[in-house]
Protein chains: 2
Amino acid sequence: MAHLFVCQGRDEIPRWREAFPQARLVNPQQARAWAGRGDRIWVMSNLEGWPALVSTLSGRGATLMVLSYAPNSLEAFQALNAGARGYAHALSPAELLRQVEVVTTNQGIWVWPELLAQVVGGTFKALGGESRLQEEILAVLTGRERAVALAVAEGQSNKAVARRLDITERTVKAHLGAVFRKLGVRDRMQLILRLSHQDASVADSG
Amino acid sequence: MAHLFVCQGRDEIPRWREAFPQARLVNPQQARAWAGRGDRIWVMSNLEGWPALVSTLSGRGATLMVLSYAPNSLEAFQALNAGARGYAHALSPAELLRQVEVVTTNQGIWVWPELLAQVVGGTFKALGGESRLQEEILAVLTGRERAVALAVAEGQSNKAVARRLDITERTVKAHLGAVFRKLGVRDRMQLILRLSHQDASVADSG
DNA sequence: TTGAGTATTGGACCGATGGACAGGTAGCAA
DNA sequence: TTGCTACCTGTCCATCGGTCCAATACTCAA
């Protein structure tokens, strides 16, 4: 599991060297040649064509972190889009760099704090239309039916749903029956599959 | 530094209890009363008005993590927008929950992997984390148990699975019982919730 | 007022489900 | 051989889940 720092020429980053003394400095060509699955690779955003490099190496299964001398939200988004898991200031203290390391090795995302709000907000566009389908599905249901359907979709039993909505189990069954009829599903399992990911076909176990 | 788990009534999450035995279960009112700076708080997304709760507590300087039975991008956005640093499946293994903990304590963001792709456009898929997670889940199962689990995750009944695998319904129950025990779920509904987000394969008619 | 739709509950029925027993075979390793 | 595991099957039983029958009450519109 290599630990690489990709930069142009002899772009020394003392803080980085202090944080990871065992890692090695390489140029983009060497990175493309050596990097593979599980490697941890830091890329400077002042490199020519860094997004393509990040995209390539993350596609191989390496973990990518981008360092910038002038962090900004556009670049942060570029980095994340290319598959980077971390985006920080190039002159961050060693301790912070190690923190980024910890986060990304644990499947997390680390973004320069000042940009975090903007990056999260920027995802709004990408997310907006997603759950429209689910809302469309639930639109044909009455309020009570919807509440029951959502609870069941969480894996709750009829009894648990009854407790949550403060009604009898019998009433839950009544609403659920209406839900099944309106959504055209046989049972609660297919309801879960329908609401979990709407694009999945449902089994016919005739 | 309190470590709280906010839920309605006694919503048992054995995996969570296993991950953080020292933490305590509270209701939303208690959480609002006690939580403060530095606290680590897990919130179930099936709570009434959870976004407001997350927003309030994160505003006080606490670290918020949201757990959902049915992760989706809209909810993920709501969570992050409200100030949550983590968003994961409620039935995640204890190890994964601790991973979320590590990431968020280090100023990182941890988002349910399948949604990460939608958040940052294909990032996660490129990292290959999807298949790795499924392998982790299914690795503990024997070949036959895996076949039964995947069929059930498609919404098949025990009888249909028996026909497909050419075994008796009794044997299906035996394998399924082992699957439940190994994966720490109560019934087939929770199994569907665990696997439906990893495996979107389409069922064939039995 | 009448009727439609919604929300609620009850009883009864029966298949599906999951656990607790208690076995059987085959293969593989010590 | 013994022990272990995967795999397969059986019976019994309590519970859950889904559908049939029915009823009451409330709101809203025609």
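A, B, ... follow the sequence lines: proteins, then strands. Residue 1 opens every chain. The structure presented is a predicted model; accordingly, all values stated were derived computationally and were not measured.
- Applying the 4.0 Å criterion to OP1 and OP2 of D/dG18, one finds that A/Arg188 has a side-chain N or O inside that range.
- Atom-to-atom, CD1 of B/Ile192 to C1' of C/dA16 comes out at 14 Å; the value is rounded to the nearest Å.
- A salt bridge between B/Arg164 and B/Glu154 is present, with a side-chain N of the basic residue lying under 4.0 Å from a carboxylate O of the acidic one.
- With rounding to whole Å, B/Leu165 atom CG is found 17 Å from D/dA6 atom P.
- Contact between the side-chain N/O atoms of B/Asn158 and the OP1/OP2 oxygens of C/dT17 is found at a separation under 4.0 Å.
- When only modelled atom types and interatomic distance are considered, A/Thr104 and A/Arg40 share a side-chain donor-acceptor pair under 3.5 Å.
- Atom CG of B/Asp166 and atom P of D/dC7 are 16 Å apart (whole Å).
- B/Asn46 contributes atom CG, which lies 9.0 Å from atom CD of B/Glu75 (distance to the nearest 0.5 angstrom).
- Nearer the 5' end of DNA chain D, as judged by each residue's closest nucleotide, is the contact made by B/Arg144, out of B/Met189 and B/Arg144.
- Following rounding to the nearest Å, B/Gln190 (CD) and D/dC16 (P) show an atom-to-atom distance of 14 Å.
- Counting only N and O atoms by type, the side chains of B/Tyr69 and B/Gln190 include no donor and acceptor under 3.5 Å apart.
- The closest side-chain donor-acceptor pair between B/Asn158 and B/Arg170, if any, does not fall under 3.5 angstrom.
- If you take CZ of A/Arg181 and P of D/dC20, they are 10 Å apart, rounded to a whole angstrom.
- Between A/Trp42 and A/Phe20, the ring planes are tilted. Angles from 30° to 60° get that label.
- In this structure, B/Ile167 and B/Asp187 both approach DNA chain D, and ranking their closest nucleotides by distance from the 5' end singles out B/Ile167.
- When rounded to the nearest whole Å, the span between CZ of A/Arg186 and P of C/dA16 equals 11 Å.
- For the segment residues 168-176 of chain A, residues with any heavy atom less than 4.0 angstrom from an atom of DNA chain D are, sorted by number, A/Arg170, A/Lys173, A/Leu176.
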